[in-house]
There are 2 protein chains.
Amino acid sequence: MAESEIDHESATPVYRQIAARVIADIEHGVLPVDRRIPSESDMVKRYGVARDTARNAVAYLRDQGYVHTVPHRGTFVLDRSKATEAE
Amino acid sequence: MAESEIDHESATPVYRQIAARVIADIEHGVLPVDRRIPSESDMVKRYGVARDTARNAVAYLRDQGYVHTVPHRGTFVLDRSKATEAE
DNA sequence: CTGCATTTGTGCGTATGTATG
DNA sequence: ACATACATACGCACAAATGCA
């Protein structure tokens with residue numbers, strides 16, 4: 001389903017829209033635990049956004065406990081089954 | 001914890017409060033001439049303010065002749081001993 | 001070991017929109 | 001109208017670490 005384009009007019013920030021896609025891929029198993037999610041550059045190319053925005057999306061995912069970033073290697077899906085979230 | 005927190009209720013703008021700290025560090029030699037002052041990101045993290053506010057603080061410091069900014073490098077302490085201020 | 005591509009880290013420049021006092 | 005402040009978003013440049021041929 002490619003009905004998913006970034007909507008710059010939406011009230012939902014672009015970085016949240018991108019994060020939502022990654023989350024969906026995680027939830028649907030497209031991105032299993034330990035799998036590397038698309039790099040910032042990938043997001044820039046795929047969605048035509050600024051790197052800043054891609055970084056924001058990744059930061060958000062990290063914030064939500066979905067992934068963890070390894071410097072210079074990438075950002076990987078975390079195992080949330082036994083997550084210890086504080087919300 | 002820090003005795004020096006930003007006071008959002010103060011009549012003194014947040015950016016001026018932050019600038020005042022940097023100035024104090026300069027005056028006290030904590031930040032010697034040519035030393036890079038905390039980046040905008042640092043200020044954002046340390047004081048929990050928006051980048052816009054951090055930028056305002058730096059702009060103010062520049063305005064007062066305390067520092068000079070080198071694009072993509074950082075903002076550095078100026079030698080004011082022989083300052084040529086226009087005031 | 002060397003060179004190169006990839007990827008994240010860092011830092012500033014700029015602009016827009018929103019909200020408050 | 002204006003200053004202050006926050007959030008978002010695009011752009012540019014360079015550094016540093018990693019991985020692999």
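We use all heavy atoms of the structure for the numbers below, so side chains are in, but hydrogens, waters and symmetry mates are not. Below, read A as the first sequence line, B as the second, and so on, with proteins coming before strands; counting in each chain starts at 1. All values derive from a computational prediction rather than experimental measurement.
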Just checking, Arg80(B) and Tyr66(B): is the charged tip under 6.0 Å from the six-membered ring centre and within 45° of the axis?
yes
Contact under 4.0 Å: [X] side-chain N or O vs [N] OP1/OP2:
{"X": "Thr75(B)", "N": "dC12(C)", "answer": "yes"}
{"X": "Thr53(B)", "N": "dA5(D)", "answer": "no"}
{"X": "Arg55(A)", "N": "dT7(C)", "answer": "no"}
{"X": "Tyr15(A)", "N": "dT8(D)", "answer": "yes"}
{"X": "Arg36(B)", "N": "dG11(C)", "answer": "yes"}

Can you check whether any acceptor in the base of dG9(C) is under 3.5 Å from a donor in the side chain of Arg51(A), or vice versa?
yes
Just call it for [X]: base, sugar-phosphate, or nothing, with non-hydrogen atoms closer than 4.0 Å on any strand.
{"X": "Arg16(A)", "answer": "nothing"}
{"X": "Ser41(B)", "answer": "nothing"}
{"X": "Val49(B)", "answer": "sugar-phosphate"}

If you pin Asp52(A) and Arg73(B) to their nearest nucleotides in DNA chain D, which one's is more 5'?
Asp52(A)
Closest-nucleotide 5' rank along DNA chain D - winner of His72(A) and Gly48(A):
Gly48(A)
Arg16(B) CZ to Tyr60(B) OH distance, which is reported to the nearest 0.5 Å
3.5 Å
Between Thr53(B) and Tyr15(B), which heavy-atom pair has the shortest distance, and what is it?
O-CB, 3.6 Å
Starting from C1' on dC6(D), measure out to CD1 on Ile18(B) and report it in whole angstrom.
13 Å
Any-strand Watson-Crick or G-U partner of dT6(C), both distances under 3.5 Å
dA17(D)
